[in-house]
Amino acid sequence: MKTPIASLVCTGLLIAGCGSGTRYTPPGFTPQELEWEGYHEEEKAGRLDEAADGYESMCLADPPYRRACYDHARVLDKAGEKLLCAQSAASFVSRFPGDALAPTGVKLAGRCYLDMERAQDGIAALEELAADVKGKDAWDSVVYRIAKLHRSAQDTESEEHALEKIVNKGRWESQLWDNSIWRLIEISGERGDIETERRRLKKFLDSRERSYLIASYNFRHHDDALLRLGKIYFQENQLEKARALFMELAKWKTSRMRDDGYLWAAKTRLRQGKQGKACRLLARIIEKMPAANTMKEAIELARTSGCDQMKGVQLTTVDQ
């Protein structure tokens, strides 16, 4: 049985104006917000059944309180009702695909199916949901979660197919485009498909924005992509293409991987027979980047390449 909302307000949440015959609404609270707070108090007190009933009643009201629809699914998850959680979350997303919490609702539904070890059931349910929200904001979140469920089932081919749907929509049509194409790049690398990996890396790097008035936007894996594509060219002995990418990475001032860029540019110069240029690149790491992850490798390469014997190359730490 639901606890009367007035009692919840007076006993826990709101401290002023309560009492017999009093109807008090705190400043800034709508009636729906006030009701939701009461059920939230039930949840915090561990009365999950009462909270779930309350959230559900608000979700089914006219007009519905959207946040309560999501919270209904969330509390079912908290109570261990995984299947009901997944169904409730999917219903929320289907009804309100443009809601700010819709992507979180999709994630919740997928996780509940994983918790039940029912990935295939989850895929089927989310495929239906994807059809329901096609053309809406939540669509890419649903498809991305389908790909995640395929991955959990070790079905890489189906995972790839789902991710390609998002990538094919275009860079500006999905906030999950970057994540999707990077995972596709990883899949190509894992199966040794260099040509597909190269094509996807180029497409990914071509998506970079540059704004000279405000700032530059880059996804967190763009530096990984520069290094990986450079290594592919290096392995194919396309050394100038490789060096250009490595140096672009080395000169990217905000990248965590600048030292990798210098190291691989040095390796490229050594393969080209340009020892002096290679040694000067290694000196950038050894002398200017004391915290570099590549320090040991740079020192060893400098030593074996005879950099410490060259005029004009200062390597004071080469004997560390």
Side-chain angles (χ1 to χ4, degrees), residues 103 106-107 110 114 119-120 122-124 126-127 130-131 134-135 139-210 216-252 255-258 260-261 263-265 267-268 271-272 293-294:
V106 174
K107 185 176 182 179
L114 282 179
Q120 293 302 326
I123 290 166
L126 291 185
E127 289 282 8
K134 189 174 182 179
W139 176 85
D140 58 345
S141 295
V142 178
V143 176
Y144 190 74
R145 197 53 46 183
I146 290 170
K148 287 271 193 179
L149 288 170
H150 282 305
R151 185 177 183 181
S152 74
Q154 299 182 333
D155 184 353
T156 305
E157 184 177 348
S158 296
E159 177 192 5
E160 187 174 22
H161 180 66
L163 294 172
E164 283 175 338
K165 291 180 182 179
I166 298 173
V167 171
N168 290 340
K169 291 288 285 185
R171 171 66 181 82
W172 303 113
E173 299 301 318
S174 171
Q175 293 184 350
L176 292 168
W177 189 90
D178 287 337
N179 302 74
S180 298
I181 195 168
W182 183 252
R183 176 57 190 149
L184 287 173
I185 290 166
E186 290 180 329
I187 290 171
S188 302
E190 288 166 3
R191 70 173 178 232
D193 184 350
I194 299 298
E195 279 305 311
T196 301
E197 184 181 8
R198 184 209 317 271
R199 175 174 53 80
R200 286 170 172 169
L201 282 164
K202 286 181 177 179
K203 186 172 186 176
F204 182 51
L205 289 170
D206 286 345
S207 75
R208 288 174 296 177
E209 296 177 68
R210 289 186 177 88
S216 294
Y217 164 81
N218 286 288
F219 181 57
R220 62 190 177 92
H221 283 302
H222 272 131
D223 41 12
D224 294 285
L226 282 171
L227 184 62
R228 176 58 187 149
L229 185 56
K231 286 181 178 180
I232 289 174
Y233 285 134
F234 182 85
Q235 291 163 3
E236 295 173 342
N237 219 35
Q238 298 188 58
L239 300 181
E240 278 305 310
K241 285 186 176 181
R243 187 188 66 82
L245 289 170
F246 294 143
M247 288 307 298
E248 182 178 348
L249 176 57
K251 293 177 180 179
W252 184 354
S255 173
R256 73 194 189 282
M257 298 174 65
R258 293 183 67 203
D260 292 277
L263 178 68
W264 278 90
K267 290 181 179 182
T268 304
R271 182 173 286 190
Q272 291 174 319
N293 291 326
T294 59

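Since this is a predicted model, take the numbers as computed values, not measurements. All residue numbers refer to positions in the sequence shown, counting from 1.
Here R151 does not pair with E160 in a salt bridge; the nearest charged N to carboxylate O distance is not below 4.0 Å. For the pair R183 and E190, the salt-bridge criterion is met [side-chain N within less than 4.0 Å of a carboxylate O]. Here K165 does not pair with D140 in a salt bridge; the nearest charged N to carboxylate O distance is not below 4.0 Å. A salt bridge links E197 and R228; the closest N-O separation between the charged side-chain nitrogens and carboxylate oxygens is under 4.0 Å. A salt bridge is defined here as a Lys NZ or Arg NE, NH1 or NH2 lying under 4.0 Å from an Asp or Glu carboxylate O, and E236 with R198 meets this definition.
The backbone N or O of V167 lies less than 3.5 Å from a partner atom in the side chain of W177, making a donor-acceptor pair. Of the possible polar contacts, none joining the S174 side chain to the G170 backbone as a donor-acceptor pair under 3.5 Å is found. In this structure, R200 contributes its side chain and I181 its backbone to no donor-acceptor pair below 3.5 Å.
Ring-plane geometry between F204 and W182 is classed as tilted, the angle between the planes lying from 30 to 60 degrees on a 0 to 90 degree scale.
Taking the ring axis of W139 as reference, the NZ or CZ atom of K169 stays within 45° of it and closer than 6.0 Å to the ring centre.
Put simply, the side chain of D178 does not reach to within 4.5 Å of the side chain of H221, judged on heavy atoms.
More than 12 heavy atoms of other shown residues, nucleotides or ligands fall within 6.0 angstrom of atom CD in E240.
In plain terms, the two heavy atoms of A242 and G230 that are nearest each other are CB-O, 3.4 Å.
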